[in-house]
> 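Sharing a structure below in structure tokens format, with a few things to ask.
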Amino acid sequence: MNTVKELPIDEVKDGWEKAQIHGVKSTVFQSFLWNSAWVKTFADNDNVKISVVYDAENIVAIIPIIKLRKFLVPVYRFIADNVSDYNDIIVFKKSSILDEFLCQYLTKLMCKKMNLFLLRNISTASNISRVLGNSVTYTQFSQTVYAKNINNYRDVNCNKKQRNNAKRLYKRLKEKGDIEYSLRGGDKIDLNQLLRFKTSSLKKKGLQSIVFDSRYEEFLYKVMNEDPNSFFISYLKLNGELVSASFNFLHGDTFYYYLPAYNDSFYKYSPSSILLYLMLGDIENMESVSLIDFLKGDEQYKYIWALEHENLPLNVVSSLDAGIMQWVVRNKENGFMSLFKKL
């Protein structure tokens, strides 16, 4: 018989990490470290509790949905939803009985009078989509782009013109001085510079982003410092100056290309393309990596560097008025950022 307990996130650490060690399939955004670091950075750790589902004394599911702020109307969101490209519940072992229990529990919570739900970045392949099925209404918000990692990935799955252009520009850049490249390196200073580059780029485009929140840098440094093998910065430097960088993850069999940025001073060299070209050359030789996930968004460069790819739709489940949700989805990230400030 399944029961639910509301527990502080730190009390679930052992069970959560044990599930990941024993092969429970989930993305990096469902890792304990990612979620606990967010709670410690963005929320009051003592007041944040999550729903843990038990079968007798064994944890069988974790529902990382929290009531983030207390107004007259409670607002429920996924932990770390403003920094995560995939949001989901963690199911330790699939079964129809457990799925039915989870569906009843979630729908009852969502239908409760005065409860406001805003669950975004729910992929069509997620546990929560399977569990909820047709019991809720989904609104498509975005999609992710991913490709299979294969031998000679750059030669086989990247646009030839773009590949040759990156090689040519890299050669020109090397003529300017000493080049330093690392797939898995970077430090706190590199992270700060990466975020400054990204902030500058977003401001020029008039876009809103979590990147503007000073706590975001603290959050990324937390996960990078605690697990540098899984969370790291890939970078390209010229004479010690950062040219281009990307905050990336390795989780399970997937390489996640999360947050790229470049130095405007080197714009004519297409620095992000050069760095991605170098990275893909290393990734294609990593036998442990079977997928390269370019994550959320339809930026054109993703289709240049992943000719053969797949898209995974991302949906929103919300109790908000349909008209409000249409405005939010039309305005993409700007819409969500504006809405979150109000909530």
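All values below come from the heavy atoms of this structure, side chains included, with hydrogens, waters and symmetry mates left out. Counting from 1, the numbers follow the sequence of the chain as shown.
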> Just by distance, with hydrogens left out, do Glu217 and Asn192 show a side-chain donor and acceptor under 3.5 Å apart?
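Note: Glu217 and Asn192 side chains meet the donor-acceptor criterion.
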
> I want to check something: taking the side chain as every heavy atom from C-beta on, are Phe219 and Trp34 in contact at a cut-off of under 4.5 Å?
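Result yes, sub-4.5 Å side-chain heavy-atom pair found.
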
> Does the distance from a Lys or Arg side-chain N to an Asp or Glu carboxylate O, for Arg163 and Asp155, drop under 4.0 Å?
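Yes, Arg163 and Asp155 are salt-bridged.
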
> Could you tell me if Lys188 sits above the aromatic ring of Tyr221, with its cationic atom closer than 6.0 Å to the ring centre and no more than 45 degrees from the axis?
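So Lys188 does make the cation-pi contact.
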
> Are the side chain of Asn87 and the backbone N or O of Arg120 linked by a donor-acceptor pair below 3.5 Å?
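Checking the backbone N and O of Arg120 against the side chain of Asn87, a donor-acceptor pair under 3.5 Å is found.
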
> I'd like to know if the side chain of Asn239 reaches the main chain of Asp178, judged simply by a donor and an acceptor atom lying under 3.5 Å from each other, with no hydrogens or angles considered.
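Checked: pair present.
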
> Going by side-chain hydrogen bond (donor to acceptor under 3.5 Å, both in side chains), Tyr86 matches just one of Asn121, Thr27, Asp293. Which one?
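The side-chain hydrogen bond (donor to acceptor under 3.5 Å, both in side chains) with Tyr86 is passed solely by Asp293 among Asn121, Thr27, Asp293.
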
> Side chain of Ser230, backbone of Asp227: donor and acceptor closer than 3.5 Å?
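No; zero donor-acceptor contacts below 3.5 Å.
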
> Counting distance only, does the side-chain N/O of Asp55 pair as donor-acceptor with the main-chain N or O of Asn58 below 3.5 Å?
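Absent.
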
> Check for a donor-acceptor pair, side chain of Ser126 on one end and backbone N or O of Ser129 on the other, with a separation under 3.5 Å.
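Indeed, once roles are kept as given, a pair shorter than 3.5 Å links the two residues.
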
> If only atom types and distance count, is the side chain of Trp16 paired as donor or acceptor with the main-chain N or O of Glu11 below 3.5 Å?
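Checking the backbone N and O of Glu11 against the side chain of Trp16, no donor-acceptor pair under 3.5 Å is found.
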
> Is the cationic atom of Arg215 (NZ for Lys, CZ for Arg) positioned less than 6.0 Å from the six-membered ring centroid of Phe42 and within 45 degrees of its normal?
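Output no; distance or angle outside limits.
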
> For Glu226, I'd like to know if atom CD has over 12 heavy atoms of other residues, nucleotides or ligands within 6.0 Å.
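Result for CD/Glu226: open.
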
> Quick check: is Ile97 connected to Ile62 through a chain of hydrophobic side chains (ILVMFWY, heavy atoms under 4.5 Å apart)?
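Different hydrophobic clusters.
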
> Does any non-hydrogen side-chain atom of Val91 lie less than 4.5 Å from one of Arg130?
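Yes. Closest side-chain heavy atoms under 4.5 Å.
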
> Are Leu183 and Val28 linked, directly or through intermediate hydrophobic residues, by side-chain heavy-atom contacts shorter than 4.5 Å (ILVMFWY only)?
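Val28 does not cluster with Leu183.
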
> Check the side chains of Asn82 and Trp38 for a donor-acceptor pair under 3.5 angstrom, ignoring hydrogens and angles.
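Yes.
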
> Measure from the side-chain N and O atoms of Gln140 to the backbone N and O of Pro313, and report whether any donor-acceptor pair falls under 3.5 Å.
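No; judged by distance alone, with no hydrogens or angles, the pair does not exist.
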
> Judged by modelled atom types alone, do Glu180 and Tyr235 share a side-chain donor-acceptor pair under 3.5 Å?
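The answer is yes; a qualifying pair exists.
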
> Quick one about Ser51 and Tyr105 (side-chain donor to acceptor, distance below 3.5 Å, no hydrogens or angles considered), yes or no?
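Ser51 and Tyr105 do have a side-chain donor-acceptor pair below 3.5 Å.
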
> Verify, without hydrogens or angle tests, whether Thr144 (side chain) and Leu295 (backbone) share a donor-acceptor contact under 3.5 angstrom.
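It does not hold such a pair.
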
> Please check this pair: side chain of Thr107 against backbone of Cys103, looking for a donor-acceptor N/O pair closer than 3.5 Å.
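At least one qualifying donor-acceptor pair exists.
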
> Any Lys/Arg nitrogen of Glu175 or Lys171 sitting under 4.0 Å from an Asp/Glu carboxylate oxygen of the other?
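No, no charged N to carboxylate O under 4.0 Å.
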
> Set out, in order, the CA-CA distance, both residues' side-chain angles and the distance that settles side chain to side chain contact (heavy atoms under 4.5 Å, CB included) for Met110 and Tyr76, then state yes or no.
CA-CA 9 Å; Met110 294 171 75; Tyr76 289 86; over 6 Å; no

> Under 4.0 Å between a side-chain nitrogen and a carboxylate oxygen: does that hold for Asp264 and Lys204?
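Here Asp264 pairs with Lys204 in a salt bridge, since their nearest N and O are under 4.0 Å apart.
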
> Would you say Asn263's side chain and Leu242's backbone share a donor-acceptor pair under 3.5 angstrom?
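Side chain of Asn263 to backbone of Leu242, a donor-acceptor pair under 3.5 Å: yes, one is there.
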
> Establish, yes or no, whether the cationic atom of Lys5 lies under 6.0 Å from the six-membered ring centre of Tyr54 and within 45° of the ring axis.
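Satisfied, under 6.0 Å and within 45°.
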
> If we count only N and O atoms by modelled type, under 3.5 Å, do the side chains of Ser290 and Asn149 hold a donor and an acceptor together?
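The answer is no; no qualifying pair exists.
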
> When hydrophobic residues are tied together by side-chain contacts of less than 4.5 Å, even through go-betweens, does Phe249 share a cluster with Ile292?
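Cluster IDs for Phe249 and Ile292 differ.
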
> Give the ring-plane orientation class for Tyr258 versus Phe29, where under 30° counts as parallel, over 60° as perpendicular and anything between as tilted.
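Tyr258 vs Phe29 ring planes: tilted.
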
